[in-house]
Participant: 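Just passing along the structure, written as structure tokens.
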Amino acid sequence: MARHHYRCPLRWADMDAFGHVNNVVFLRYLEEARIDFMFRLAPGEGSESFTGGSVVARHEIDYKLPLVHRHEPVLIESWVTRIGAASLTIRYEVKDEATEDAPETVYVRAETVVVPYNLAEGRPRRITDEERHFLEQYLDQPEKTHAAAEGRLAA
């Protein structure tokens, strides 16, 4: 299974009064990574995929550690955990990779349910075969659901 990697710069304005990245800002980071991921299959290659629009149906975020401002970008890994007929679930980790001097540090684990949307018609649409083929390259069927992995009951 492949993972999409996005290096997200931290901005001074992302910090809150407590000196760390504000919880709401992480939604922006996830959005940047998600758009970068989904538009890998897009107009530059002549594809219409994902260009008609999409909407977020749900976010789930688990904050693990505070992230403070620094000049190095943070890594956001994204992958797909579910592909339905008209929605998909993307999972993320916002982290620093392990180095010789330090172990991997995970700041946030999150999931987003995305629904492809036909903006012109004002309604959800089905995932196309081309989109499904692209998404399947990043598909990972987790042994447990995200909630179960975090110690809560799975739905």
Side-chain angles (χ1 to χ4, degrees), residues 1-11 13-14 16 21-67 72-98 104-155:
M1 173 228 23
R3 288 193 178 191
H4 174 263
H5 291 161
Y6 178 73
R7 301 222 177 259
C8 186
L10 306 182
R11 294 158 287 269
D14 296 346
D16 62 18
V21 173
N22 184 276
N23 66 76
V24 174
V25 173
F26 279 101
L27 285 171
R28 290 187 199 119
Y29 292 172
L30 300 178
E31 177 185 54
E32 287 181 34
R34 183 174 61 256
I35 296 304
D36 188 70
F37 168 59
M38 292 177 74
F39 284 172
R40 295 292 169 158
L41 179 66
E45 303 297 322
S47 172
E48 295 291 322
S49 293
F50 299 122
T51 60
S54 63
V55 294
V56 170
R58 186 178 71 81
H59 284 299
E60 181 178 326
I61 301 176
D62 292 314
Y63 300 95
K64 299 299 184 184
L65 291 170
L67 176 60
E72 301 79 31
V74 68
L75 173 65
I76 303 176
E77 285 188 351
S78 308
W79 63 98
V80 177
T81 59
R82 190 188 65 75
I83 305 170
S87 68
L88 62 124
T89 303
I90 300 173
R91 182 104 189 253
Y92 318 83
E93 284 187 346
V94 179
K95 65 186 181 178
D96 292 327
E97 294 177 287
E104 176 181 89
T105 304
V106 176
Y107 301 103
V108 163
R109 288 194 175 103
E111 283 186 350
T112 301
V113 175
V114 178
V115 176
Y117 201 80
N118 184 319
L119 296 172
E121 296 178 16
R123 63 178 179 81
R125 66 169 179 80
R126 296 180 76 75
I127 293 173
T128 67
D129 289 340
E130 182 183 26
E131 291 165 342
R132 183 175 301 280
H133 177 72
F134 171 77
L135 294 169
E136 285 173 347
Q137 298 172 65
Y138 296 92
L139 183 61
D140 181 23
Q141 297 294 335
E143 292 179 22
K144 303 176 190 175
T145 65
H146 180 56
E150 296 300 326
R152 297 183 303 272
L153 292 177

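Predicted model, so just to flag it, every value in this text is computed and none were measured. Throughout, residue positions are numbered sequentially from 1 according to the sequence presented.
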Participant: Taking side-chain contact (heavy atoms from CB on, under 4.5 Å) as the test, write out the residues that go with N22, two or more places apart.
Facilitator: D16, V24, V25
Participant: Which atoms form the tightest heavy-atom contact between Y92 and S78, and what is the distance?
Facilitator: CD2-OG, 3.5 Å
Participant: Mind checking ring-ring contact (aromatic ring centres under 6.0 Å, His included) for Y138 and listing every partner two or more places apart, or none if nothing turns up?
Facilitator: F37, F134
Participant: Write down the atom of R58, the atom of E111, and the distance for their closest heavy-atom approach.
Facilitator: NH2-OE1, 3.2 Å
Participant: What residues form a side-chain contact (heavy atoms from CB on, under 4.5 Å) with E121, not counting sequence neighbours?
Facilitator: N118, R123
Participant: Looking at P116 and A86, what are the two nearest heavy atoms and their distance?
Facilitator: CD-O, 3.4 Å
Participant: Which residues satisfy the salt bridge (charged side-chain N to carboxylate O under 4.0 Å, His left out) test with D36, sequence neighbours excluded?
Facilitator: R40
Participant: Just to verify, what does Y107 make a side chain to side chain donor-acceptor pair (under 3.5 Å) with, not counting sequence neighbours?
Facilitator: D96
Participant: Decide side chain to side chain contact (heavy atoms under 4.5 Å, CB included) for E93 and V108; before the verdict, give the C-alpha distance in whole Å, the side-chain angles of both, and the deciding distance to 0.1 Å.
Facilitator: CA-CA 6 Å; E93 284 187 346; V108 163; over 6 Å; no
Participant: Heavy atoms, side chains only, cut-off 4.5 Å: are T112 and L88 in contact?
Facilitator: no
Participant: Output all residues satisfying salt bridge (charged side-chain N to carboxylate O under 4.0 Å, His left out) with R7, sequence neighbours left out; order by chain, then residue number.
Facilitator: E97
Participant: Which heavy atom in L65 sits nearest to a heavy atom in V106, and how many Å separate them?
Facilitator: CD1-O, 3.8 Å
Participant: Under 6.0 Å from the NE2 atom of H5, do we count more than 12 heavy atoms belonging to anything else shown?
Facilitator: yes
Participant: Applying salt bridge (charged side-chain N to carboxylate O under 4.0 Å, His left out), can you list everything that pairs with E104, at least two apart in sequence or on another chain?
Facilitator: K95
Participant: In chain order, what residues pass the side-chain contact (heavy atoms from CB on, under 4.5 Å) check against I83, with sequence neighbours excluded?
Facilitator: V80, I127, R132, L135, E136, L139
Participant: Which residues pass the side chain to side chain donor-acceptor pair (under 3.5 Å) test with S87, not counting sequence neighbours?
Facilitator: R82
Participant: Set out, in order, the CA-CA distance, both residues' side-chain angles and the distance that settles side chain to side chain contact (heavy atoms under 4.5 Å, CB included) for N23 and Y63, then state yes or no.
Facilitator: CA-CA 8 Å; N23 66 76; Y63 300 95; 3.5 Å; yes
Participant: Which residues pass the side chain to side chain donor-acceptor pair (under 3.5 Å) test with T105, sequence neighbours left out?
Facilitator: none
Participant: State the CZ-OG distance between R125 and S54, to the nearest 0.5 angstrom.
Facilitator: 8.5 Å
Participant: What residues form a salt bridge (charged side-chain N to carboxylate O under 4.0 Å, His left out) with R3, not counting sequence neighbours?
Facilitator: E77
Participant: Check the pair V56 / R34 against side chain to side chain contact (heavy atoms under 4.5 Å, CB included), numbers first and verdict last.
Facilitator: CA-CA 11 Å; V56 170; R34 183 174 61 256; 3.6 Å; yes
Participant: Ion pair present between E32 and R11, side-chain N to carboxylate O less than 4.0 angstrom?
Facilitator: yes
Participant: Please evaluate residues M38 and I90 with respect to the criterion side chain to side chain contact (heavy atoms under 4.5 Å, CB included), reporting the C-alpha separation (whole Å), side-chain torsions for both, the decisive distance (0.1 Å), and the verdict.
Facilitator: CA-CA 10 Å; M38 292 177 74; I90 300 173; 4.3 Å; yes
Participant: Does G122 offer a backbone N or O that forms a donor-acceptor pair with the side chain of Y117 under 3.5 Å?
Facilitator: yes
Participant: List the residues meeting side chain to side chain donor-acceptor pair (under 3.5 Å) with Y29, not counting sequence neighbours, and say none if there are none.
Facilitator: D14
